[in-house]
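This report concerns only the one structure given below.
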Protein chains: 2
Amino acid sequence: MDVVARTIHHPATTGIDLASVLRVLGDPVRLEIVRLLATLDECTCSTIQAHLDIPTSTGSYHLRLLREAGVTRTRASGTERRISLRRDDLDERFPGLVASIVGAGNGDGPG
Amino acid sequence: MDVVARTIHHPATTGIDLASVLRVLGDPVRLEIVRLLATLDECTCSTIQAHLDIPTSTGSYHLRLLREAGVTRTRASGTERRISLRRDDLDERFPGLVASIVGAGNGDGPG
DNA sequence: ACCGTACTTCCATGACTTTGGAAGTAGTGT
DNA sequence: ACACTACTTCCAAAGTCATGGAAGTACGGT
């Protein structure tokens with residue numbers, strides 16, 4: 001019908017809710033996706049699914065949650081979806097959050 | 001036996017896992033507890049339960065999750081439990097994380 | 001028009017989470 | 001010893017989440 005119906009839904013920057021962001025980030029699969037996106041400016045669903053070795057339906061599910069929470073941005077490009085971190089928006093809304101999460105080691109850092 | 005048996009269980013600083021921290025913080029009740037603790041150096045379970053208007057069993061459950069994830073420290077003092085944020089440990093492990101979470105407005109900040 | 005690739009949605013299943021009343025444990029005052 | 005306060009644990013019900021195969025949608029090439 002209108003543009004919205006043909007567009008992938010993303011919350012507005014001001015609509016990004018901290019508890020929702022933390023909830024989606026509190027899953028090892030999704031945290032890994034965010035870490036991957038932090039190093040790879042933009043990439044496709046298949047790249048992410050291959051990297052994590054998960055079925056496409058599972059990957060699609062996690063990517064939808066990340067997008068709906070406002071963590072990622074999805075852009076259609078042919079049959080592909082180009083996914084990126086909404087770092088600018090997240091930094092505006094929760095300064096320091098993304099840096100503290102992607103900057104942290106995977107668990108056994110400085111010791 | 002030893003001190004541990006008489007002590008409330010907390011993970012070691014190096015054992016605090018980021019995904020686990022984010023998962024427990026991704027709940028509005030627990031996020032509110034953390035924000036309260038960030039302003040009140042140390043407080044009791046009843047203070048928290050009264051502040052959030054939740055039953056004691058529910059409060060006890062959320063406080064256990066926060067403690068087990070390494071977000072809070074619980075210290076027995078008579079019949080009371082004195083609860084505090086493990087800000088020092090969290091800052092050591094994930095610099096900037098606590099500041100970005102408690103520093104953020106409740107949702108509709110700068111606009 | 002047809003096919004292949006890329007991705008989404010549907011759906012069932014099992015696992016985990018949250019809630020809160022009731023019962024239990026543990027210090028403290030008398 | 002007894003009662004009181006502070007908190008924890010048990011339990012069951014209800015709700016939410018993650019997984020992945022199968023079916024569906026959409027774009028691009030031929």
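The basis for the numbers below is simple: all heavy atoms, side chains too, and nothing from hydrogens, waters or symmetry mates. Note on naming: letters A, B, ... go to the chains in the order of the sequence lines (proteins, then strands), and numbering restarts at 1 for each one.
The shortest side-chain heavy-atom distance between B:Leu66 and B:Leu25 falls under the 4.5 Å cut-off. No side-chain heavy atom of A:Ile33 sits under 4.5 Å from any side-chain heavy atom of A:Ile83. Residues A:Ile101 and A:Leu31 form a side-chain contact, since some pair of their non-hydrogen atoms from C-beta on lies under 4.5 Å apart.
Distances shorter than 4.0 Å separate none of the side-chain N or O atoms of A:His62 from OP1 or OP2 on D:dC17. One finds a side-chain N or O of B:Ser60 lying less than 4.0 angstrom from the OP1 or OP2 phosphate oxygen of D:dT8. Put simply, B:Arg30 has a side-chain N or O that comes within less than 4.0 Å of OP1 or OP2 on C:dT18.
In this structure, CD1 of B:Ile54 is placed 15 Å from C1' of D:dA6, rounded to the nearest angstrom. Between B:Tyr61 atom OH and D:dG15 atom C1' the separation is 12 Å, expressed in whole Å. One interatomic measurement links the two molecules: CD of B:Gln49 to P of C:dG21, which rounds to 13 Å at whole-angstrom precision. Between the CD atom of B:Glu68 and the P atom of D:dT8 there is a distance of 11 Å, given to the nearest Å. Going from atom CZ of B:Arg64 over to atom P of D:dT9 covers 7 Å, rounded to whole Å. In this entry the distance linking CG of B:Leu63 with C1' of D:dT9 reads 14 Å, nearest Å.
Using modelled atom types, one side-chain atom of B:Thr72 and one backbone atom of B:Arg67 make a donor-acceptor pair closer than 3.5 Å. B:His9 places no side-chain N or O within donor-acceptor distance of the main-chain N or O of B:Glu68, the cut-off being under 3.5 Å.
Looking at the side chain of A:Ser57, the nearest of the listed nucleotides C:dT8, D:dC7, C:dT9 is C:dT9. Relative to the side chain of B:Ser46, the nucleotides D:dA18, D:dA6, C:dT9 differ in distance, and D:dA6 lies closest. Set against C:dC7, D:dG20, C:dG21, the side chain of A:Thr44 has C:dC7 as its closest nucleotide.
Using a 4.0 Å heavy-atom distance criterion, B:Leu65 is classed as a sugar-phosphate-only contact. Counting any heavy atom pair closer than 4.0 Å across all strands shown, A:Arg67 reaches no nucleic acid atom.
Residues from residues 20-27 of chain A placing a heavy atom under 4.0 Å of any atom in DNA chain C do not occur. Near DNA chain C, meaning a heavy atom under 4.0 Å away, the residues from residues 74-87 of chain B are B:Gly78, B:Thr79.
Smallest separation of non-hydrogen atoms from B:Ser100 and A:Pro95: CB-O, 3.1 Å. Residues A:Val24 and A:Arg30 share a closest heavy-atom pair of O-NE, 2.6 Å. The shortest non-hydrogen separation linking A:Ile16 to A:Phe94 is O-CZ, 3.5 Å.
Tested against B:Glu42 for a salt bridge (charged side-chain N to carboxylate O under 4.0 Å, His left out), the candidates B:Arg86, B:Arg75, B:Arg87 yield a single pass: B:Arg75.
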